[in-house]
Amino acid sequence: MSHDGGDDRRADRHFSQALRFARAADRPGVVGNVQASMSHLSVHLGRSRDAVQLAEDGVTHARPHHPLVARLHAMRARGIAVLGYARDSRAALADAERALEKAEGAVRGEWISHFDSAALASETAWCLHRLGDLDAAEMSARDAIALRPGDRVRSRSFAQLALAQVLLAANRVDEAANLAEQIRSTAMTLTSARVRSQLVDLAAALRPHRGVPAVSRFLDSVTGITAGPTLIEDSV
């Protein structure tokens with residue numbers, strides 16, 4: 001909740017505490033799950049090597065043939081992509097795909113986050129965009145959107161944001177702006193500071209193209225949306 005509310009430093013503290021509790025309780029699966037989340041957060045905090053190490057450690061704790069293994073490989077691919085190792089990042093994504101296939105029908109288990117083909121498609125799009133493979137990133141982002149039903153608004157919004165960034169990187173400004181407007185229309189129904197923050201970042205990236213009518217319309221409509229964190233009170 002802290003991460004989604006935009007307070008990554010607090011999230012980092014909570015995850016570190018959760019990892020200690022999971023280890024003390026001798027729950028290897030929960031340890032791996034927390035490490036997957038910490039790996040994801042480490043990328044956001046600019047600690048890519050930590051992200052890779054956390055994900056690698058998590059794989060050793062996760063139960064074989066479980067979706068968590070796929071998630072950990074996907075997080076490993078993220079960290080490696082930021083470090084710029086394209087071949088290794090693609091190999092990690094392939095590991096994630098194979099792990100997800102082997103985990104088909106597996107019971108998720110208590111305290112283990114959900115990870116499915118739509119989530120993997122989103123992670124793949126993120127990595128491939130980072131690596132500069134825009135055509136493949138677009139295909140993965142569109143897959144993620146297609147696999148997310150309309151009631152999964154938050155997850156679908158992240159996939160749409162990924163696609164918009166890919167379209168903009170490919171200089172398809174009109175398409176990026178039109179998609180950004182679609183995202184804006186749903187973002188206001190969400191409490192996710194991460195969605196709003198990424199929408200604000202997208203608006204900043206589009207601003208140099210304000211002369212394009214679709215961009216101008218989006219920038220006018222997005223005025224007033226802020227990226228500031230929502231207030232989340234500690235439960236203890």
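Only heavy atoms go into these numbers, but all of them, side chains included; no hydrogens, no water, no symmetry mates.
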Practice task
For Asn178 and Gln182, test the side chains for any donor-to-acceptor distance below 3.5 angstrom and give the result as yes or no.
Solution key: no
Practice task
Please confirm whether the backbone N or O of Ala193 pairs with a side-chain atom of Ser197, one donor and one acceptor, at under 3.5 Å?
Solution key: no
Completion exercise
Closest heavy-atom pair, Ser122 versus Ala159, reported as atoms and distance to 0.1 Å, is OG-CB, 4.0 Å
Handout entry: From Ile80 atom CD1 to His73 atom NE2, the distance as rounded to the nearest 0.5 Å
Key = 10.5 Å
Problem - Student check: side-chain heavy atoms of Leu45 and Arg9 closer than 4.5 Å - result: yes
Handout entry: Within one Ile-Leu-Val-Met-Phe-Trp-Tyr cluster: Val195 and Leu41, side-chain cutoff 4.5 Å
Key = no
Handout entry: ring pair (Phe, Tyr, Trp, His ring centres under 6.0 Å) against His40, all qualifying residues, sequence neighbours excluded
Key = His3, His44
Problem - Charged N-O contact under 4.0 Å between Arg184 and Glu181 - result: yes
Problem - Single-linkage hydrophobic cluster Leu219~Leu161, side-chain heavy atoms < 4.5 angstrom - result: yes
Handout entry: Side-chain donor or acceptor of Ser89 paired with backbone N/O of Ala86 under 3.5 Å
Key = no
Practice task
Identify, with sequence neighbours excluded, every residue that meets salt bridge (Lys or Arg N to Asp or Glu O under 4.0 Å) alongside Arg148.
Solution key: Asp116
Practice task
Identify the two heavy atoms, one from Gly29 and one from Ile112, that lie closest to each other, and give their separation to 0.1 Å.
Solution key: O-CD1, 3.3 Å
Exercise for the section: Taking only Lys NZ, Arg NE, NH1 and NH2, and the carboxylate oxygens of Asp or Glu, determine whether Asp8 and Arg194 approach each other closer than 4.0 Å. Expected result: no
Problem - Transitive ILVMFWY side-chain link Leu168 to Val166, under 4.5 Å - result: no
Exercise for the section: Determine whether Leu179 and Leu206 fall in the same hydrophobic cluster, where Ile, Leu, Val, Met, Phe, Trp and Tyr are linked whenever their side-chain heavy atoms lie under 4.5 Å apart. Expected result: yes
Practice task
Decide yes or no for Phe158 and Gln198: does some side-chain heavy atom of the first lie under 4.5 Å from some side-chain heavy atom of the second?
Solution key: yes
Handout entry: Side-chain (Asn33) to main-chain (Trp111) donor-acceptor, under 3.5 angstrom
Key = yes
Handout entry: Whether over 12 other heavy atoms sit under 6.0 Å from Arg49 CZ
Key = no
Handout entry: Atom pair CD1/CZ of Ile183 and Arg196 - distance to nearest 0.5 Å
Key = 15.0 Å
Practice task
Rounded to the nearest 0.5 Å, what's the gap from CG on Leu68 to CG on Leu100? Could you check?
Solution key: 11.5 Å
Practice task
Starting at CE of Met139, measure out to CG of Asp133 and round the result to the nearest 0.5 Å.
Solution key: 10.0 Å
Practice task
With rounding to the nearest 0.5 Å, note down the distance linking CG in Leu167 to NE2 in His129.
Solution key: 9.5 Å
Practice task
Look only at the side chain of Ser140 and the backbone of Ala137, and say whether a donor-acceptor pair between them is shorter than 3.5 Å.
Solution key: no
Practice task
Tell me, please, which residues at least two apart from Arg154 pass salt bridge (Lys or Arg N to Asp or Glu O under 4.0 Å).
Solution key: Asp4
Exercise for the section: Return yes if some donor-acceptor pair links the side-chain N/O of Arg10 with the main-chain N/O of Ser2 below 3.5 Å, else return no. Expected result: no
Practice task
Find out whether Glu175 and Leu163 are in side-chain contact, i.e. whether some heavy atom of one side chain is under 4.5 Å from a heavy atom of the other.
Solution key: no
Handout entry: Short side-chain to backbone donor-acceptor contact, His66 and Ala62, under 3.5 Å
Key = no
Practice task
Would you name the heavy atoms of Ser16 and Met38 that are closest together and state the gap between them?
Solution key: OG-CE, 3.9 Å
Handout entry: Nearest non-hydrogen partners of Ser42 and Asp50, listed with the distance
Key = OG-CB, 4.2 Å
Completion exercise
Nearest heavy-atom contact between Trp126 and Val82 is CH2-CG2, 3.5 Å
Problem - Heavy-atom closest pair, residues Val215 and Arg210 - result: CG1-CA, 3.8 Å
Practice task
For salt bridge (Lys or Arg N to Asp or Glu O under 4.0 Å), just list the numbers for Asp12 and Arg47, CA-CA rounded to whole Å, side-chain angles, deciding distance to a tenth of an Å, and then say yes or no.
Solution key: CA-CA 12 Å; Asp12 194 32; Arg47 304 191 309 232; 3.2 Å; yes
Handout entry: Main-chain N/O of Phe218 paired to Ser221 side chain as donor or acceptor, under 3.5 Å
Key = yes
Problem - Any donor-acceptor pair under 3.5 Å from Thr124 side chain to Leu120 backbone - result: yes
Problem - Pair Glu138 + Arg172: basic N to acidic O under 4.0 Å - result: yes
Practice task
Please examine the side chains of Val153 and Ser157, heavy atoms only from C-beta on, and report whether any two atoms are closer than 4.5 Å.
Solution key: yes
Fill in the blank from the handout: Interatomic distance, SG@Cys127 vs CZ@Arg76, rounded to 0.5 Å, equals 10.5 Å
Practice task
Assess the side chains of Ser37 and Arg71: does a donor N or O sit below 3.5 Å from an acceptor N or O?
Solution key: yes
Handout entry: Same apolar cluster: Val222 and Leu202, side chain cutoff 4.5 Å
Key = yes
Exercise for the section: Output yes when Asp95 and Arg98 qualify as a salt bridge under the 4.0 Å nitrogen-oxygen rule, no when they do not. Expected result: yes
